[in-house]
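Here is the structure we will look at, set down as structure tokens.
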Amino acid sequence: MSQSTHAEKVGVSIRSATKMYGAFCALDHVDLEVKAGEFVSILGPSGSGKTTFLGILGGFVQPTSGAILLGERDITLEPPHKRDIGIVFQNYALFPHMNVAENVTFPLRARRIPKSGWPAKLKAALEMVELTGYGNRKIHELSGGQRQRVALARAMIFEPRLILMDEPLSALDKQLRESMQIELKHLHRKLDATIIYVTHDQREALTMSDRIAVMRKGQIVQIDTPEQLHDNPVDSFVAGFIGEATLVPVQRVDEHSVTLAGTRLVSSKPVPNTIHLFLVVQSEKITVAADGDTSGPNLLTGIVHETLYQGESIRIFLDLPGGERISVRVPSNHTGRTLMKHPGDRITVRLHPDDTVVVPQAS
Amino acid sequence: MAISSAVDPSVLHERREQRLILMLLAPALLVVIGLLIVPLCWLAWQSFRQDGGFTLAHYARFVSDDVYWRTFLQTFRIAFVVTVATLLLAYPVAYVAASASRRMSILILAMVILPFWTSVLVRSYAWLILLQRRGLVNSALDGMGLIDQPLILVNNELGTVIATTHILLPFMVLPLYAAMQKIPADLMMAGSSLGGSPAHVFWRVFLPLSLPGVLAGTVLVFVLALGFYITPELLGGGRTYMVSMLVSRNIELYSEWGAASSISVVLLLCVFGIFRLASMIIPFERIMGAR
Ligand SMILES: Nc1ncnc2c1ncn2[C@@H]1O[C@H](COP(=O)(O)OP(=O)(O)O)[C@@H](O)[C@H]1O
Ligand SMILES: [Mg+2]
């Protein structure tokens, strides 16, 4: 699209946004600063307040208190049609009585942009989402993925300063979803737009985002880069939500170690000083020790419960002496096969101190 | 061959289901055939009979007798005005009901449907009392000093239109509400987020999507108004002459079954024509709210 997109992109500040439905607090003093051009995901389970949050940004939900700033401009009290925010809705919200071109040019008509400028913009928008030549199609003639892209083109054609997306890929099948994730990522780079993206799919958030805000019960519990979120979750809720983690209760020994079923584990990160602690066991971060190899710290021994062949890797579930069940992944190649165990076998796994993450229980 | 003798169990199942559906439909079908189709055929046959022989005289009157076509003209005019009036009154009501909270919309719809529980006769008399020379409306207007002498609101076409509009209002509100309720709320949100002012979103999104309801209500009210009898009889004061009254006069005063039948047949054909036209715009199932 035109150069003006670059000039217009702005950051967003959400300051202490709160939304009460009667006595129920759907959004509880949420603060979020999104930099211009950033791709931020709002990740949280269903009912955590994600749609309410987007509603407040879009202007459909009036916050009980708090302020929303788009760049320098306070838009808290602006009606939706004056906000200049492009929104892709959860189920696309395409107008069924209009064809693709009419849908995509709706924002131009609404903004009274002279018709002479439409064809070029329409062409560029359809090109961007790879729907060139689909202008005259009816909406009901399109597949889910195509509808998704029409919604995208419609939300981008007026070069909004901010694009919001509410679980835009949740209705698509897995394969399409994954290719659309990559396409969206490319589009973000091409448009250089600020994007706030809502999802309940942690993999999707990890794949696409510059930063992720994890929501729970109307609050943002952690906002960090995907790596930080994965490696340093702030509590058991975030740890359990991200990746393929098992949380195992542990006892604190000192600043840098805990005990699990009598085994002392060393962590290179400081252990929080509270009673209820959990070791975050990510299956891709533990390794299987070769038989007889007892060197180094943080060795755990257990009995294999089950093995699952999953194509690119094999997942081994093992029971620790305390009864906790954790899992470990080995690659399905030669190395993996030599480490392979069968149900009932003893198995020893190793956790590097850098990967030994201990979190407090979420409040 | 073994294969050809075996019947696909799903086909059997389907046949059993069809038989069941037919059995469930049978009572209704018998009632419709016995009480509607047969009398209609008899009616049509009557309209071509006079003194025990075939005749086209009853239909010739539509051309020769100007009372006939004037009555049809007035009937269509009243039906048209009533339809426009109900549409204008019902659209905002249905809009509010469709966009209000659940409890509020139930309340509104209950108030719309409530008058159904009193008979048309009672409601027509009520309007007679309200609209007469010294009725509530005239006294109120006089009391406020808005008029010097009573308005003639009744015993004319106006009275008929007012009362018929009121009586037929639910038949406009309900299809409109049904259509509006099906419009997803996020289409309006999308419209405004894309820069459409409330008026723009209404014209470009809401109104077009509510058109099936408009058409359904329009057809329903128009057709019902064409056949109205009690209300124009009571409020028309003899100056309003509708098709139904022409039928009744022919039988009550002249025992002219042939003439009455021909009028009914022509009116019925008009109604069929209207449905046909409407279904050319929107499929019939959608008008009746099935989809
Ligand atoms: N209009 C409303 N009235 C009352 N409660 C609501 C309303 N909208 C949302 N909620 C409640 O707020 C909470 C958050 O909802 P929502 O933002 O839709 O969550 P999410 O999109 O994360 O699934 C839910 O518990 C929901 O029941
Ligand atoms: Mg949601």
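Lettering of chains follows the sequences in order, A, B, ..., and the numbering in each one begins at 1. What you see below is based on every heavy atom in this structure, not just the backbone, and it leaves out hydrogens, waters and symmetry mates.
- For the pair A:Phe89/B:Leu187, no side-chain contact is recorded, criterion being any heavy-atom separation below 4.5 Å from C-beta on.
- Heavy atoms from other residues, nucleotides or ligands lying under 6.0 Å from CE of B:Met104 number 12 at most.
- Crowding of B:Phe80 atom CZ: a count of heavy atoms from other residues, nucleotides or ligands under 6.0 Å not exceeding 12.
- Closest of all the heavy-atom pairs between A:Phe60 and B:Ser193 is CZ-CB, 3.7 Å.
- Contact record, A:His97 with B:Leu209: ND1-CD2, 3.5 Å, taken as the closest heavy-atom pair.
- Here the shortest heavy-atom pairing between A:Arg111 and B:Leu194 reads NH2-O, 2.8 Å.
- Heavy atoms of other residues, nucleotides or ligands lying less than 6.0 angstrom from CZ of B:Phe116 number more than 12.
- Applying the 6.0 Å contact sphere to CD of A:Glu141 captures more than 12 heavy atoms from other residues, nucleotides or ligands.
- There is no contact between A:Leu164 and chain B, counting heavy-atom distances below 4.5 Å.
- Between atom OG of residue B:Ser192 and atom NE2 of residue A:His81 there is a gap of 8.0 Å, rounded to the nearest 0.5 Å.
- When all heavy atoms are compared, the tightest approach of B:Arg204 to A:Arg109 is NH2-NH1, 3.3 Å.
- Considering only heavy-atom pairs separated by less than 4.5 Å from chain B, the leading option among A:Gly55, A:Ala151, A:Pro96 is A:Pro96.
- Shown here is A:Asn136, whose CG atom has no more than 12 heavy atoms of other residues, nucleotides or ligands within 6.0 Å.
- Here the closest heavy-atom approach between residue A:Asn91 and residue B:Asp186 is recorded as OD1-OD2, 2.6 Å.
- Counting heavy atoms from C-beta on, the side chains of B:Pro208 and A:Phe95 never come closer than 4.5 Å.
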